[in-house]
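So the structure is just underneath, and the comments pick up after that.
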Amino acid sequence: MTAEPRSQLLPVVSVLGSVLSVQFGAAFASTLFDAVGAGGAVSLRLTIAAIILGVLVRPRWRRWTRTQRQGVLALGVALAVMNSAFYEALARLPLGTAVTIEFLGPLTLAAVLSRRLQDGVWVLAALTGVVLLGLRENSGAESLDLVGVGFALVAGTAWAGYIVAGSHLAARVPSADGLAGASIVAAVLTIPLGAVSGGTALFDPRILAVGAAVALLSSVIPYSLELRALQVMSKKVFAVLIALEPAAATLAGVIVLGQVLGPQSLAAIALVVAAGVGSVLSNR
């Protein structure tokens, strides 16, 4: 009876580590926008990540079947769309708000995959938490940037696609090979946008150093952890566990960007954490 909970412990810890890593990476990435724009930042991040993973893993694409290559391509497209849209949203919205709206993607996926009333309760609790967390960022008179909201919704849709594509790919291709291949696809797709947005500033040593750190925090580390977790964790549990993303984004905003937490934010974080933990404990 104890083997199953123990077997789930490592995947859960992996996803939690991914959540923290990717949000701190996003906070640092936002510091690049003034120099190279959102398109330049995402291209720099994905390209450096692809180079690192390509050198370390050396994906054996010639040995892949047609189905495996299609899976790698699907995951690469999801990565490119998800990250490009999210960075465009981040350039127009506060970090916590952008992640809150983006989270509607995996949250909707969790609801669609759910077959029990209890699962719906956890999803509803997480939704309430992310709404409260998003309201913290917009308590002033300024309204949300509608273009930013649109980009965040596109990123959320691609995030749900990333979960599905990553889960399918993890069952067919070794996680490291699949991730490296998908990262190369994503880099190729975003390089033209990065070249237009960032230009020669992309080769500045300081920009490259920050881009390398962002690539590690936002791509190499979290995606490696997530794809390994998806090999043994259901998409539904994974999607609801990702409810911790808005809380992690708020924490990253406090530490990196100097945002201040209020009582409403603390209550929202507690609610989202409770929903994520409750989902994991009630699912096997």
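The CG atom of Leu53 lies 13.5 Å from the CZ atom of Arg58; values are rounded to the nearest 0.5 Å. In this structure, Leu46 CG and Ile51 CD1 are separated by 11.5 Å, a value rounded to the nearest 0.5 Å. Between the OG atom in Ser197 and the CG atom in Leu202 there is a gap of 7.5 Å [rounded to 0.5 Å]. Interatomic distance, CD of Gln70 versus CZ of Arg66, reported as 5.5 Å (0.5 Å rounding). The structure places OG1 of Thr157 at 9.5 Å from CD of Glu102, a figure rounded to the nearest 0.5 Å.
In this structure, Leu153 is a member of the same hydrophobic cluster as Ile163, with clusters built from ILVMFWY side-chain heavy atoms closer than 4.5 Å. Criterion: ILVMFWY side-chain heavy atoms under 4.5 Å apart, direct or through other members. Under it, Phe103 and Phe151 are not part of a common hydrophobic cluster. Hydrophobic clustering keeps Val57 apart from Ile184 (ILVMFWY residues linked when any side-chain heavy atoms are closer than 4.5 Å, directly or through intermediates). Grouping the Ile, Leu, Val, Met, Phe, Trp and Tyr side chains by contacts below 4.5 angstrom, directly or via other members, places Leu193 apart from Val147. One hydrophobic cluster holds both Tyr162 and Leu169 under the rule that ILVMFWY side chains link at heavy-atom gaps under 4.5 Å.
Residues satisfying the ring pair (Phe, Tyr, Trp, His ring centres under 6.0 Å) criterion with Phe28, sequence neighbours excluded, are absent altogether.
Here the side chain of Thr47 pairs a donor or acceptor atom with the backbone of Ser43 at under 3.5 angstrom. For Ser18 (side chain) and Ser14 (main-chain N/O), no donor-acceptor pair under 3.5 Å exists by modelled atom type. Under the 3.5 Å distance criterion, the side-chain polar atoms of Ser21 are left unmatched by any main-chain donor or acceptor of Gly17. With Ser30 contributing its side chain and Ala27 its backbone, the two residues share a donor-acceptor pair below 3.5 Å.
For the residue pair Ala152 and Ile101, the shortest heavy atom distance occurs at CB-CG2, 3.6 Å. Residue Val154 comes nearest to Ala85 through the heavy atom pair CG1-CB, 3.9 Å, listed as atom of the first residue, atom of the second, then distance. For the pair Glu245 and Val22, the tightest heavy-atom approach, listed with the atom from each and the gap, is OE1-CG1, 3.5 Å. Across every non-hydrogen atom of Ala249 and Leu95, the tightest pair is O-CD2, 3.4 Å. Here the shortest heavy-atom pairing between Ala26 and Ser218 reads N-OG, 3.5 Å. The minimum heavy-atom distance between Ile52 and Leu216, with the atom names listed, is CD1-CD2, 3.9 Å.
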| Evaluation steps, side-chain contact (heavy atoms from CB on, under 4.5 Å), between Leu90 and Phe33 | CA-CA 9 Å; Leu90 190 58; Phe33 291 169; 4.0 Å; yes
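The residue from Leu208, Ile207, Val214 that alone fulfils the side chain to side chain contact (heavy atoms under 4.5 Å, CB included) condition with Val210 is Val214.
Side-chain atoms of Ile255 and Phe24, non-hydrogen and from C-beta on, do get closer than 4.5 Å to each other.
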Got a list of side-chain donor-acceptor pairs under 3.5 Å for residues 74-84, not counting sequence neighbours?
| unit_1 | atom_1 | unit_2 | atom_2 | d |
| --- | --- | --- | --- | --- |
| Asn83 | OD1 | Arg45 | NH1 | 2.8 |
| Asn83 | OD1 | Arg45 | NH2 | 2.7 |
| Asn83 | OD1 | Tyr223 | OH | 3.3 |
| Asn83 | ND2 | Leu79 | O | 2.7 |
| Asn83 | ND2 | Tyr223 | OH | 3.2 |
| Ser84 | OG | Ala80 | O | 2.8 |

